[in-house]
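For reference, the structure discussed in these notes is given below.
This is a predicted model, so every value here is computed, not measured. Within every chain, numbering begins at 1; the chains are lettered A, B, ... in the order of the sequence lines, protein sequences first and strands thereafter.
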Amino acid sequence: MPNITIDGQTLEVKEGDNILQACLNAGLDLPYFCWHPAMGSIGSCRQCALVQYQNPSDERGRIVMGCMTQVTDGARFSLDANNAVEFREAVVESLMLNHPHDCPVCAEGGECHLQDMTVMVGHRDRRYRGKKNTHRNQYLGPLIHHEMNRCITCYRCERFYRDYAGGTDLGAQASRDRLYFGRQQDGILESEFSGNLVEVCPTGVFTDKPFLADFSRKWDLQSAPSICGGCGVGCNIAPGERYGRLKRVHNRYHNDINGYFICDRGRFGNSYVNADQRIDYAGIQDADGRFTAVDQASAIDTAGVWLKSAKIGGIGSPRASLEANFLLQTWVGADQFSSGIADIERATVDRQLQILQSTRAINPSIKQMELADAVLILGEDLTHTAARVALALRQAVRNKSLAMAKQMGLPSWQDAAVRNLAQDALSPLFVVTSYTSRLDDIAQRTVTLAPDEIAEFGRQLAARLQGEPAQSPLIEELASSLAAAERPLIISGSSMLQSNIIDAGAAIAEALCLDNPQTMLSLTAPESNTVGAAMLAHANNLSLEGMVERAVELDVLVILENDLTRRLDAVSMQKLVDSGTKIIALDVIENATVEHANMVLPAASFAESQGTLINHEGRAQRFFPVFPPAEQRLPSWQWLLQLAALSGNSQLAALTQFDQVVDACAASQPAFAHLNEVAPDRRFRDRGQKIPRQTHRYSGRTAINAGVSVHEPQQPVDHETPLAFSMEGLNRDQPSTLIPFVWSPGWNSNHALQKFQAEVDGPLKGGHSGVHVLVSSANGIDHPGAAVGNAPTDLWQLVPVHRLHGSEELSARSDEIAELAGDAFIALNAETAGQLEVAEGDRLKVIANGDSVSLAVKIVDRMAVGCAGYSYGYAATRGLIAGAGADLQRDTDWRPPQPSLIATDRQSMAVDRGSPHV
Amino acid sequence: MTQQPIQTDLNSVLSHEEIHAIDAELSHVPYKSGAAIDALKIVQERRGWVSDDCLMAIARHLDMSAEQMEGIATFYNLIYRRPVGEKVILFCDSVSCWICDCDGIKAKISQYLQIDYGETTTDNRYTLLPVPCLGACDRAPVMMVGDELITDLDDARIELLFGTHNEARTD
Amino acid sequence: MEPVLTRNIGPERYPTNLAAYQANHGYRGLRKALTEMSADDCQAVVKNSSLRGRGGAGFPTGMKWSFVPRGDACTPGHKYLVCNADEMEPGTFKDRLLMECDPHQLIEGMILAAYTIGADIAYIFIRGEYLVAIQRLRDAIAECYASGYLGERILGSDFNLQMYVHPSAGRYICGEETALINALEGKRANPRAKPPFPQVSGLWGRPTIVNNVETLCNIPHIIDRGADWFKTLGIGEDSGTKLFGVSGKVNNPGCWELPMGTPIREIIDQHAGGMRAGFQLKGFLPGGGSTDFLVPEHLDLAMDYNVIGAAGSRMGTGTMIILDDRTCPVGMVLNLIRFFAQESCGFCTPCRDGLPWSRQVLEDIENGAGRSEDLETLAYQVKYIGAIGNTHCALAPGAMEPLQSALKYFYDDFARHVNGGQCPYHNNTGAP
Ligand SMILES: Cc1cc2nc3c(=O)[nH]c(=O)nc-3n(C[C@H](O)[C@H](O)[C@H](O)COP(=O)(O)O)c2cc1C
Ligand code: SF4
Ligand code: FES
């Protein structure tokens with residue numbers, strides 16, 4: 001490892017790093033803007049300047065950019081040299097010439113990297129007397145607010161949006177001091193990762209629009225470490241609350257999973273927590289179908305009467321915590337319990353679990369996936385089913401260019417140079433799906449096949465890899481590419497609801513493993529705790545359909561956080577309702593299932609409760625309450641403990657605290673043995689204190705109630721977690737699982753993160769977080785699953801089309817996501833549309849299983865022959881079943897609804913494109 | 001300038017001849033986007049400027065996004081994103097011409113044509129734009145009117161060129 | 001002196017066609033190289049000739065070419081030669097002449113350069129306003145294809161070369177070689193960070209040489225007549241001849257081919273005919289708008305790279321701009337800074353925002369609104385923006401050169417503006 005000297009201090013630094021990284025690693029505060037740990041250097045802002053001396057006798061040295069200068073053994077630098085200090089201040093002074101100084105009204109204020117750097121370089125007095133340049137702002141959709149005047153031209157937005165995330169509709173325009181970052185014209189940003197602009201922009205150009213409408217300063221937010229419930233990936237998030245409202249979600253760094261970036265569902269899909277449709281009170285349904293609100297005590301009383309020596313069934317949920325599911329199953333008994341997943345999905349999920357428990361392939365983290373040098377995707381439109389994985393694959397395909405750079409001695413952080421060298425050279429990515437995927441643009445080859453054909457294609461590929469002759473040149477191409485790779489990655493999952501596709505993916509990975517132990521196999525999971533629910537499942541469990549049959553024998557059925565109407569057809573649902581069993585539903589928000597319940601219990605959302613979720617790789621992670629549940633709400637695990645006690649269940653009687661539930665769950669099966677290591681328990685103290693959820697500057701706790709009383713109420717006490725609803729305590733050296741927000745003296749922005757990292761872009765100082773509970777025996781997959789036959793002959797085969805915005809239950813209840821989700825649709829390729837004589841926006845009647853639903857036509861680039869895609873998870877498409885046959889008929893009765901005027905903040909804003917040359 | 005969402009069918013914006021010319025450029029670049037600037041120039045040569053419709057049609061033809069194309073179009077001085085007159089006057093305001101009093105000449109032009117930099121005469125004949133040094137400093141001050149380089153400018157010359165402009169317009 | 005680069009250029013500036021060019025020993029160098037010399041031989045001759053780049057930086061051409069990977073050191077694929085014909089440096093008007101009047105000379109130089117470095121594709125990146133030159137080059141290239149000087153198996157050898165003219169869409173920064181490469185790739189012309197140098201990773205990521213028009217025009221003669229002959233042409237330290245130019249208030253502004261090392265006084269007094277009546281020489285930029293002012297005391301210096309460098313300026317493009325005693329030095333610097341601020345690509349902070357800041361200060365001073373602290377601010381800006389390495393490319397440091405030297409030589413003029421609250425030259429000339 002090279003040694004360098006900085007202001008007389010000798011440092012051992014990492015080979016190949018640049019000086020900026022070396023300084024930050026050494027804890028030295030070298031300001032910067034354009035550099036980003038995940039995106040490398042371009043040398044545009046010139047902020048990270050320091051002085052380098054050529055030789056031992058060089059006294060003057062010359063200014064170099066830290067981010068563009070590679071460390072070499074023996075090199076000598078100074079951060080403190082006068083000219084370096086003066087230069088860095090001059091850079092900020094220049095950046096400030098046109099900056100509006102609107103910090104008091106800027107959403108970035110108080111967590112602004114520009115503010116931090118301005119203070120850091122000591123710039124105070126303004127000498128510029130000229131006019132400031134101004135720009136027009138654009139309407140960028142419901143998620144992102146645009147305020148161009150604040151721009152300091154660091155290029156990070158463009159580099160993230162375009163280079164990192166593959167977006168095309170945002171970029172640099174004009175030039176010189178008229179540079180403009182935006183779209184070609186007003187319009188909704190198309191990237192599913194647009195929200196990261198909020199964190200990537202070092203100032204307030206791109207801000208979180210919903211947050212802006214309901215704003216708090218960072219220092220007034222109460223935050224807790226949390227896990228996104230948006231999909232099976234389990235990105236780490238840091239939600240912030242104020243006055244009982246969930247205000248915003250920021251990325252929470254996890255080195256192996258989400259790194260610095262999350263998708264827009266994760267960032268913007270949580271405002272359902274504040275929705276009017278949240279269930280506030282317990283309710284009991286009268287004979288006439290009306291709910292009467294009751295308080296917790298009377299709800300419990302009534303439930304007590306119902307449960308007394310009753311026959312009780314329970315339906316769990318793949319979106320509820322492991323602990324809640326565990327409690328319900330333990331309480332009602334495995335043979336009266338259903339994990340709450342319908343058969344069609346359970347088949348894929350169970351198969352998935354078996355595969356991951358036995359495969360020889362590596363079950364990779366996202367970080368590992370980024371290292372793949374050849375990728376095959378089978379049946380998944382990842383951007384919509386596991387968005388963060390898709391973002392990782394956009395990095396993986398760059399491995400070829402990184403290899404080219406390495407060969408030339410170019411460090412990977414020389415971002416622009418690497419891109420110039422490699423141009424569009426990409427590592428191979430093969431996308432085999434039934435319809436257009438959002439990764440098609442970087443695919444070496446896309447293959448469009450009906451679901452069963454995908455499985456067959458995969459089977460043939462696996463056979464070829466096991467030594468049989470290739471059935472087609474295409475198979476040969478894929479096989480040789482994957483076999484030649486050092487770290488091939490196969491991705492499949494359950495989004496098509498067909499286990500034979502997963503089997504095929506697994507078979508390919510197994511075949512590759514014969515020669516290459518570095519082979520990776522990753523399977524997406526549909527919901528945040530699908531894997532947890534599947535792992536909890538017991539052989540005696542009922543299927544969801546089985547539970548419908550069983551219901552007539554039950555006195556009470558407890559449904560845990562599950563809208564069954566999303567999983568059961570209307571007939572089955574009605575059957576359940578008509579069974580005569582009393583239904584007690586616990587949920588966070590009103591839905592079609594709750595409407596049928598005899599009693600509704602208001603459950604705390606993820607933001608008000610804690611629990612463990614197991615992600616697609618089998619990693620158990622803990623989320624913590626950001627704020628206490630409003631008065632009548634309780635976390636499901638608490639409701640369940642109370643209900644269980646009423647029914648006289650002795651097994652759970654001893655449990656009162658969350659940690660005890662975790663212990664009990666850990667004891668329930670060997671796989672969960674380490675569950676209590678997922679996060680420190682409630683007794684954890686850092687130097688005698690709990691971890692504060694509030695910043696040291698947290699202010700005005702009483703302000704909102706000042707009209708009533710200015711006395712500060714007693715802060716709630718958190719008895720269940722190592723975190724406190726308080727600003728007292730340290731937020732410094734705790735285990736990584738317990739970092740509620742990042743802040744460090746002088747670093748108010750999210751760049752304070754580097755003070756929590758053991759090294760730049762590396763793991764957190766507080767160690768790994770999460771525990772792998774799913775460990776493979778590596779014995780290999782024994783028998784292929786049974787093939788599912790589909791494709792009825794003269795009907796269209798329905799395939800589920802997943803949408804990041806719209807397909808997931810809870811996020812779709814957030815206003816902005818709902819706006820982006822749009823209408824339910826039926827997706828066809830142009831040829832089929834021609835055949836049916838419909839165009840985009842026309843309507844088709846989709847007739848399946850005797851039901852008919854009218855859907856808007858959407859034309860997609862790719863759709864397998866004989867297939868039609870339906871927007872999965874939308875209310876209007878609930879009756880449709882993946883793989884079923886459907887008749888499609890032009891809907892001539894349908895009339896477009898009267899255009900309703902939707903109030904947006906769209907103004908007649910145009911890009912300032914500068915004049916031709918003035 | 002307020003932008004309306006483009007409703008035009010982009011496939012029909014470019015003429016066959018334009019597409020043909022663009023495709024000829026494509027034949028010697030390894031990536032389609034490599035012909036972006038040539039394509040913009042080809043279209044502008046025939047239409048005087050590059051409208052939003054054209055910009056997007058070119059972008060589509062080259063598999064680029066409108067944003068990428070706009071980023072390029074707005075970077076270069078000689079791509080006009082607003083309509084210009086029949087002839088563009090590229091008036092050199094760089095140092096050698098300045099020493100030789102190009103400012104005075106420019107004032108004369110503005111007086112005759114009643115336009116300032118960035119403006120077009122009401123009869124749409126001329127647009128006046130400043131241009132960096134035209135590489136004819138030994139014959140300063142200089143300008144280009146349309147395709148023609150005009151050197152050794154003085155008041156008399158300007159009067160000869162533009163002196164009757166307004167009168168001509170009145171008939 | 002026997003003209004070399006301008007031997008085909010008469011006072012009427014008629015262009016030569018292929019026949020005329022050939023008649024005057026045109027393509028003799030190329031024939032010689034392709035029949036008698038290996039690429040390495042050519043490389044050695046160019047290196048020995050001590051030819052230095054005429055684009056402004058004066059980098060030794062042979063050395064630059066030697067960085068291009070050859071043989072096994074080069075990954076398979078194209079290599080490129082690019083002629084930098086963007087000529088936009090204020091006060092520079094030499095490449096236009098060479099291209100308009102003797103296009104074949106440039107093309108022969110390019111074919112030879114491409115042969116030497118092993119390039120199979122060549123571009124002439126020419127500024128879009130040079131319509132005449134564009135047309136003449138295109139015509140000349142067509143003649144070359146027709147006569148076997150370009151295309152496959154040139155003159156029966158194994159050497160192939162395609163050549164294209166790429167008219168720029170206009171931007172001064174396109175003259176910076178890495179920005180030029182981005183422009184050729186159809187991108188925004190932001191300069192690239194170096195290393196990697198274009199010689200190893202340039203156009204489309206492939207090895208690329210960028211040379212100025214005048215540099216390339218020397219090549220046929222060097223190959224044809226040898227390095228030693230070329231060295232004898234210079235009368236000072238440097239070899240060869242050079243197009244020198246003078247603009248401003250002189251009697252006979254123009255551009256002449258003269259030996260390297262010709263004294264400045266000779267160029268101004270003899271060739272440019274001295275100052276116009278009523279005007280005194282106050283200072284001059286020796287090589288275009290981004291070089292430092294020199295003053296009358298420097299008149300006896302030879303136009304050689306190191307000599308001009310030692311005097312605190314740069315040879316640049318060798319085309320001088322004369323500041324006379326009735327033209328306001330502050331106004332002149334303001335004009336230049338305005339140009340550079342306007343032409344900044346906007347990529348890096350000191351240039352994008354620093355230059356407009358300098359412009360604002362200069363505007364205030366020139367308009368009589370200057371304050372005494374403004375001169376300190378200007379000095380501060382020179383230090384901040386002007387050092388190579390502080391900015392991403394050389395545009396901004398170049399922009400600071402006239403300002404820094406004006407503050408050195410004409411400080412009184414600045415002070416008079418500030419103290420008097422107006423431009424003292426205002427009434428003397430037409431300057432603002
Ligand atoms: C801002 C800027 C503008 C330039 N413009 C030109 C130009 O117009 N023509 C040119 O030949 N070189 C120009 N150069 C120099 C080129 O970058 C490069 O050094 C030159 O083309 C190399 O050719 P040579 O080695 O033959 O001199 C410019 C440099 C800078 C920094
Ligand atoms: S110095 Fe100026 S022209 Fe050069 S990269 Fe920086 S902003 Fe662009
Ligand atoms: S962070 Fe180094 S130049 Fe921007």
**OP:** Could you look at R188(C) and say if it's the side chain, the backbone, both or neither that has a heavy atom under 4.5 Å from chain B?
**Re:** both
Original post:
Where does A189(C) contact chain B at under 4.5 Å (heavy atoms): side chain, backbone, both or neither?
Top reply: both
Subject >> Heavy-atom contact with chain B under 4.5 Å, split by part of I322(C) >> reply: backbone
Original post:
Taking every heavy-atom pair that is under 4.5 Å apart, which of G245(C), P167(C), C255(C) has the most such pairs with chain B?
Top reply: P167(C)
Original post:
Can you list the steps and then say if N124(B) with K87(B) is a side-chain hydrogen bond (donor to acceptor under 3.5 Å, both in side chains)?
Top reply: CA-CA 9 Å; N124(B) 204 38; K87(B) 284 187 175 176; over 6 Å; no
Original post:
Between T121(B) and D123(B), is any side-chain donor less than 3.5 angstrom from a side-chain acceptor?
Top reply: yes
Original post:
Any idea which heavy atoms bring S94(B) and N335(C) closest together, and the distance?
Top reply: C-OD1, 3.6 Å
Subject >> Most contacts with chain C, counted as non-hydrogen pairs under 4.5 angstrom, among A35(B), C137(B), A140(B) >> reply: C137(B)
Subject >> Part of L90(B) within contact of chain C (heavy atom distance under 4.5 Å) >> reply: side chain
**OP:** Please look at L62(B) and chain C and tell me whether the side chain, the backbone, both or neither of the residue comes under 4.5 angstrom of a heavy atom of that chain.
**Re:** neither
Subject >> Per-residue contact mode, E129(C) against chain B (heavy atom under 4.5 angstrom) >> reply: both
**OP:** Please examine the side chains of D154(B) and E159(B), heavy atoms only from C-beta on, and report whether any two atoms are closer than 4.5 Å.
**Re:** no
Subject >> Top contributor to chain B contacts, counting heavy-atom pairs under 4.5 Å, from K94(C), R338(C), R13(C), H78(C) >> reply: R13(C)
Original post:
Taking the six-membered ring for Trp, is the centroid-to-centroid distance between F125(C) and H166(C) below 6.0 Å?
Top reply: yes
Original post:
Contact part of L184(C) toward chain B, heavy-atom cut-off under 4.5 Å: side chain, backbone, both or neither?
Top reply: backbone
Subject >> Step-by-step side-chain contact (heavy atoms from CB on, under 4.5 Å) determination, L334(C) to R359(C) >> reply: CA-CA 6 Å; L334(C) 169 59; R359(C) 181 189 59 203; 4.0 Å; yes
Subject >> Side chain, backbone, both or neither of Q162(C) within contact of chain B (heavy atoms, under 4.5 Å) >> reply: neither
Original post:
Between R171(C) and F75(B), is NZ or CZ placed under 6.0 angstrom from the six-membered ring centre and within 45° of the ring axis?
Top reply: yes
Original post:
Which one, G34(B), S96(B), C102(B), leads in non-hydrogen pairs under 4.5 Å with chain C?
Top reply: G34(B)
Original post:
Do F244(C) and H271(C) make the cut of ring centroids closer than 6.0 angstrom?
Top reply: no
Original post:
Is NZ or CZ of R326(C) both nearer than 6.0 Å to the six-membered ring centre of F279(C) and within 45° of the ring axis?
Top reply: yes
Subject >> Contacting moiety of Y123(C), where chain B heavy atoms sit under 4.5 Å >> reply: side chain
Original post:
Is it the backbone or the side chain of R127(C) that comes under 4.5 Å from a heavy atom of chain B, or both, or neither?
Top reply: side chain
Original post:
What residue, out of G71(B), A36(B), C100(B), has the most heavy-atom pairs lying under 4.5 Å from chain C?
Top reply: G71(B)
Original post:
Would you call the rings of Y126(B) and H165(B) parallel, tilted or perpendicular if under 30° counts as parallel and over 60° as perpendicular?
Top reply: tilted
